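What follows is a set of notes on a single structure, which appears directly below.
Source: prediction; values computed, not measured. Per chain, numbering begins at 1; letters A, B, ... match sequence-line order.
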Amino acid sequence: MTSKPEASLDKTYQPADIEKRWAKEWEEKGYFRPRGEGAPYSIMIPPPNVTGSLHMGHAFQDSIMDTLTRWQRMQQKNTLWQVGTDHAGIATQMLVERKLAAEEGKSRHDLGRENFLEKVWEWKEQSGGTITRQLRRLGASVDWDRERFTMDSGFYKAVQEVFIRLYDEGLIYRGKRLVNWDPKLHTAISDLEVENKDQKGKFWHFRYPLADGVKTPEGKDYLVVATTRPETLLGDTCVAVNPKDERYASLVGKDIILPLVGRRIPVVADDHADMDKGSGCVKITPAHDFNDYQVGKRHNQPLINVMTIDAAIRDQAEVYNLDGTPNEAIDPTLPELFKGLDRFEARKKLVAEMEALGLLEDIEEINNTLPYGDRSGVVIEPLLTDQWFVKIAPLAEPAIQAVEKGEIEFVPKQYENMYFAWMRDIQDWCISRQLWWGHRIPAWYDEVGNIYVGQSEEAVRQKYNLGTEVSLEQDTDVLDTWFSSGLWTFGTLGWPEETEELKTFHPTDVLVTGFDIIFFWVARMIMLTLKFTDQVPFKTVYVTGLIRDDNGQKMSKSKGNVLDPLDMIDGIDLENLLQKRTSGLMQPQLADKIAKQTKKAFPEGIGAHGTDALRFTLLAMATTGRDINWDMKRLEGYRNFCNKLWNAARYVLSNTEGEDCGVQGEPVELTLADRWIISRLQQTEAEVTRHLGNYRFDLAANAFYEFVWNDYCDWYLELSKPVLWKEDAHPEELRGTRRTLVRVLEAILRLGHPMIPFITEEIWQRVKPLAGVEGDSLMLAEWPEAAKDQIDDQAIADLEWVKGVILAVRNLRAEMNLPPGKLLPLLLDKASPEDQRRLQENRIFLQKLAKLENLQLVGEEGLPMTAMQLVGQMEVHLPLAGLIDKEAEIARLDKEIERLQKDMQRTAGKLKNESFISKAPAAVVEKEKAKLADAEAACEQLKKQQQELQKL
RNA sequence: GGGUGGUUAGCUCAGUUGGGAGAGCACCAGCCUUACAAGCUGGGGGUCACUGGUUCGAACCCAGUACCACCCA
């Protein structure tokens with residue numbers, strides 16, 4: 001069913017109904033699909049987390065992507081904006097586990113892997129669409145027919161293929177390495193999922209006794225090491241001192257007897273030890289700290305793991321060599337005392353034991369940071385586990401080059417440095433996760449642990465020639481979600497098949513994303529895409545800043561300052577807003593504070609502003625790559641702008657519907673105002689187009705806003721009234737003005753559509769027949785191209801003059817407190833032939849807009865008492881003897897004269913400067929000279945006027 | 001500690017080859033003028049963080065300082 005606009009537009013802009021109606025119709029009509037011809041243009045949406053809901057960051061990025069997409073589509077390109085969601089391994093698994101526990105009181109282990117996964121899929125089918133539904137409300141013109149999910153079978157094929165090829169090339173390997181371990185969720189997690197939080201911590205200073213009677217130069221029989229994690233003492237393998245540190249030079253190579261454990265460990269020299277920090281000695285625990293791992297590696301130390309996957313102390317340590325093979329030489333015995341204790345319990349006990357032994361030298365209070373799992377909320381433990389890794393170095397090189405060579409460009413440019421810096425010392429990437437929900441690693445093991453990689457057990461048997469006597473078990477781990485999203489641009493287009501889509505839409509044109517995932521996602525997409533397609537995934541990366549609250553604070557649930565984009569679109573009352581902000585808090589005690597804050601900031605809740613206003617605000621604030629402090633006032637301002645456009649359309653429609661608008665190309669006569677607004681329209685079209693091309697959405701939005709409000713509404717619509725309402729107007733004149741009203745409005749709608757799609761479409765449907773335009777939807781209309789030959793410089797200059805006279809009169813009127821509606825007589829003096837021509841041609845505009853009783857040139861009779869303003873050299877006089885406060889007028893002129901004199905002084909000073917005259921460009925000097933002459937002349941005129949007044 | 005970005009009107013921010021400081025909102029005054037009070041008209045308001053340098057000329061280029069934010073260690 002086609003949307004039918006109301007019989008007449010409502011007096012006030014009411015976005016909700018319009019927006020829902022059009023979103024539905026556009027999608028149903030299939031306007032979001034690629035048109036199938038023309039130059040291709042494509043954007044892949046950064047797949048949002050399937051468990052997520054739309055936040056301001058999404059709204060921001062999606063508004064930008066939609067603007068680009070609609071803009072390109074209107075340029076008649078074969079445009080694809082592809083949408084989809086990310087399976088979000090941990091988040092989804094946790095969500096379903098919680099649901100299962102709440103509803104059935106079962107754990108995932110009770111169900112078993114197969115059944116649990118079925119539950120996850122059920123959840124996904126029922127509830128996984130929240131964020132895509134919200135996307136629709138934003139007007140996102142994504143091709144819903146091609147919606148993708150990273151767990152789709154087609155996509156899984158790509159994931160498998162990539163894994164297998166990388167493995168076969170030796171770029172994927174399995175090994176024992178330190179990873180960020182989440183002891184609650186029992187999985188490795190990525191750096192991105194680790195939140196570092198500042199806290200007040202303790203630094204425990206322990207004495208480590210030297211073996212064999214060795215003493216320090218000071219005569220002590222121990223070294224002091226400090227640690228924030230005493231429990232790791234059990235896994236220490238050496239103590240490091242700085243090689244330049246003379247205090248300990250004699251001890252390097254000597255041994256220490258590790259307290260409580262009794263193990264002999266050496267003192268080694270390593271730069272990692274900071275001479276100025278504490279005693280300068282550092283305990284090294286390679287199996288429990290990332291830095292220590294590196295130190296251990298340099299000194300060929302074994303890895304002694306003392307913790308379980310729950311981060312409790314093991315009964316016996318696990319000891320490995322650096323290559324991951326078991327180390328039999330070191331005694332794995334751990335003290336009985338700590339067995340099975342949680343790390344924090346073990347810490348307390350260990351400190352107490354050390355104190356009892358007289359080995360606790362000091363406890364220092366310090367500020368430090370601790371890593372927390374962002375999902376589980378528990379402290380992350382670096383833990384030695386078997387994991388799968390991607391060798392990054394060979395993939396990184398081409399990825400760096402692609403950016404160096406400009407095949408991929410970052411906007412803004414400075415993010416390229418960030419990218420290079422990270423890519424230069426990139427580490428191998430841990431891609432396995434100990435979860436059930438995700439892409440299962442396509443690897444099988446035989447009984448002795450040999451690894452076979454392939455699509456399926458069958459494929460593996462064939463590939464490796466394994467008979468049925470060999471029993472195979474598939475690896476239980478899944479792949480990091482980022483591994484699959486790294487294939488997003490080409491995996492979603494059908495790769496590894498050579499599909500038409502892949503040929504047409506890859507590489508994609510631009511990726512719009514936040515700077516926080518350049519490393520985790522952008523870099524990985526570049527590496528993997530280059531590797532497998534020999535193409536870059538996208539030509540441009542447009543990096544957005546963060547949206548913060550009005551105080552510059554990050555929005556977060558715990559701060560209670562989150563703004564939901566949909567609440568700004570549809571509005572929300574205070575009660576519901578409070579409910580939303582204070583429920584489900586991690587720290588419920590914050591609820592009161594948040595409620596108070598919210599009541600203060602939004603005493604009446606949040607009003608409805610509509611999608612267009614929200615989008616326009618986001619775009620208008622999208623300056624290059626910096627964070628945005630959200631400002632509700634700007635949102636209101638742009639909602640008002642939509643209302644302005646709406647009402648302008650009402651005016652145009654009421655004056656053109658059912659009238660002769662010259663649609664058939666009948667002869668017309670264009671007024672100065674018509675020629676001027678047409679000229680300004682061309683300039684604006686060029687400007688908006690240029691800014692969109694440079695990703696300066698703020699400048700594009702601004703140029704549009706200014707043209708619509710300041711030129712079209714404030715001046716042109718007002719100037720059209722005297723023509724339309726003139727009793728003796730010619731048909732050609734009327735037709736010309738009506739046609740211009742309608743055509744310029746129609747162009748405005750096309751120009752604004754990518755930014756504010758709904759309101760423009762709604763109005764356009766009404767305007768198009770009047771403008772003689774065909775088409776089912778504004779979405780498919782042509783992007784307005786500026787026509788240089790329609791820019792009439794004379795008209796622009798003439799209209800500036802008209803505006804100048806009107807403004808002069810308004811100014812005088814206000815200065816003298818004359819009622820706005822009162823008709824005034826006006827006298828013009830010192831009018832040049834040019835001024836006289838302009839006056840002749842535009843008398844009616846001046847009379848109506850300045851509300852003049854009559855308008856004459858000063859003749860022989862001279863001037864009565866007047867208030868005067870200058871327009872260029874021409875004097876604009878209000879002859880109002882009875883109404884003018886003489887003294888006030890003289891004072892006003894004084895102020896004006898003073899201002900001019902200041903100006904003259906500065907300009908004259910410049911011109912007196914020899915080196916300015918000789919060195920500055922001639923044009924600049926000329927300009928200054930003219931400026932001085934103008935100011936001098938004006939000053940003279942004002943002084944003369946003052947004298948005249950005084951005489952009277 | 002290293003790196004990046006920022007500091008312009010009360011607030012949020014523009015200012016693109018260095019040449020007369022801008023917008024929106026807020027503020028003040030006056031207006032229900034037949035599109036719009038979510039509006040119209042007029043107005044006030046800034047030592048462009050600070051110091052120095054380059055230049056005839058600096059919000060803009062260079063160096064340094066202070067403060068803020070983010071990234072890395």
| Atom OH of Y415(A) to atom C1' of C72(B): distance rounded to whole Å? | 15 Å
| query | Rounded to the nearest Å, what distance is computed from the CZ atom of residue F641(A) to the P atom of nucleotide G39(B)? | reply | 12 Å
| task | State plainly whether the residues K413(A) and E409(A) are in salt-bridge range, i.e. N to O under 4.0 Å. | result | yes
| field | Sugar-phosphate only, base, or nothing, as touched by R813(A) at under 4.0 Å among non-hydrogen atoms | value | nothing
| query | Looking at T623(A), does any N or O in its side chain come under 4.0 Å of the phosphate oxygens OP1/OP2 on C13(B)? | reply | no
| task | Scan R424(A) against the nucleic acid and name what it touches under 4.0 Å (heavy atoms): base, sugar-phosphate only, or nothing. | result | nothing
| said: Taking only the P atom of each, what is the distance from A14(B) to G24(B) in whole angstrom? | reply: 16 Å
| task | Would you mind checking if E636(A) and R639(A) are paired as a salt bridge, meaning a charged N to carboxylate O distance below 4.0 Å? | result | no
| request: Dot-bracket notation for RNA chain B is requested: 5' to 3', Watson-Crick or G-U wobble pairs only, both distances under 3.5 Å, with ( ), [ ], | and . as defined. | output: (((((((..((((.....[..)))).(((((.......))))).....(((((..]....)))))))))))).
| task | Using the P atom as the reference point in each nucleotide, state the distance between U65(B) and G3(B) in Å, no decimals. | result | 12 Å
| query | With under 30° as parallel and over 60° as perpendicular, where do the rings of F697(A) and Y695(A) fit, or are they tilted in between? | reply | perpendicular
| Could you give the CH2-to-C1' distance, from W646(A) to G39(B), as a whole number of Å? | 17 Å
| said: Rounding to an integer number of angstrom, what distance separates C72(B) and U16(B) when you compare their C1' atoms? | reply: 31 Å
| said: As a test of reading the structure: which of G19(B), G20(B), U12(B) is closest to the side chain of D631(A), going by heavy atoms? | reply: U12(B)
| Nearest-Å distance once atom C1' is located in both C28(B) and G44(B) | 7 Å
| field | Closest listed nucleotide, where the reference is the side chain of E928(A) and the choices are G42(B), G20(B), C56(B) | value | G20(B)
| request: Mind calculating the distance between CD (E636(A)) and C1' (A26(B)) to the nearest angstrom? | output: 12 Å
| What is the per-nucleotide protein-contact pattern of nucleotides 28-38 of chain B, from the 5' end, where B denotes a base atom under 4.0 Å from a protein heavy atom, S denotes such proximity for sugar-phosphate atoms only, and - denotes neither? | ---S---BBSB
| request: Would you tell me whether N643(A) and N647(A) have side-chain atoms, one donor and one acceptor, within less than 3.5 Å of each other? | output: yes
| field | Within 45° cone of Y705(A) ring axis and under 6.0 Å: K644(A) NZ or CZ | value | no
| C939(A) side chain reached by Q901(A) side chain, heavy atoms, under 4.5 Å | yes
| query | When the ring planes of Y419(A) and F410(A) are compared, do they come out parallel, tilted or perpendicular, using 30° and 60° as the limits? | reply | tilted
| request: Check the distance between G15(B)'s C1' and E687(A)'s CD and give it to me in whole angstrom. | output: 13 Å
| note | Result for 5'-nearest mapping on RNA chain B, choosing between V924(A) and A620(A), is A620(A)
| task | Indicate whether OP1 or OP2 belonging to C13(B) is found under 4.0 Å from a side-chain N or O atom of N629(A). | result | yes
| field | Between OG on residue S720(A) and OH on residue Y716(A), distance to nearest 0.5 Å | value | 6.0 Å
| task | Using a 4.0 Å heavy-atom cut-off, write out nucleotides 2-10 of chain B from 5' to 3' as B (base contacted by protein), S (sugar-phosphate only) or - (no contact). | result | ---SS----
| query | When all nucleic acid strands are considered with a 4.0 Å heavy-atom cut-off, which category describes L653(A): base, sugar-phosphate, or nothing? | reply | nothing
| message | I'd like the P distance from A66(B) over to U51(B), given in whole Å. | response | 15 Å
| request: Choose from U16(B), G19(B), U12(B) the nucleotide whose nearest atom is closest to any side-chain atom of H691(A). | output: U16(B)
| query | Given atom CG of D627(A) and atom C1' of A69(B), what is their separation to the nearest angstrom? | reply | 8 Å
| query | What integer number of Å spans the C1' atoms of G22(B) and A9(B)? | reply | 10 Å
| query | Within the structure, does a side-chain N or O atom of K919(A) lie under 4.0 Å from either OP1 or OP2 of C56(B)? | reply | yes
| Between T12(A) and D10(A), do the side chains contain an N or O donor and an N or O acceptor separated by less than 3.5 Å? | no
| query | Which nucleotide, A14(B), G24(B), C25(B), lies nearest any side-chain atom of K633(A)? | reply | C25(B)
| Close side-chain approach of L932(A) to M904(A), heavy-atom, < 4.5 Å | yes
| Tell me: CZ of R892(A) to P of G43(B), nearest whole Å? | 11 Å
| query | Reckon R810(A) has a side-chain N or O less than 4.0 Å from the OP1 or OP2 of G42(B)? | reply | yes
| Any side-chain heavy atom of F602(A) sitting closer than 4.5 Å to one from D567(A)? | no
| request: Would you check if L826(A) and L878(A) make a side-chain contact, meaning some heavy-atom pair closer than 4.5 Å? | output: yes
| request: Using the C1' atom on both, measure C13(B) against U7(B) and round to a whole Å. | output: 13 Å
| query | How far does the C1' atom of G10(B) sit from the matching atom of A26(B), given to the nearest Å? | reply | 7 Å
| message | Over 60° means perpendicular and under 30° means parallel, so tell me whether F641(A) and F704(A) are parallel, tilted or perpendicular. | response | perpendicular
| query | What's the closest nucleotide to the M621(A) side chain, out of C56(B), U12(B), G42(B)? | reply | U12(B)
| task | Specify the separation, in whole Å, of atom NZ of K822(A) and atom C1' of U41(B). | result | 17 Å
| said: Taking the side chain as everything from C-beta on, heavy atoms only, tell me whether W709(A) gets closer than 4.5 Å to L645(A). | reply: no
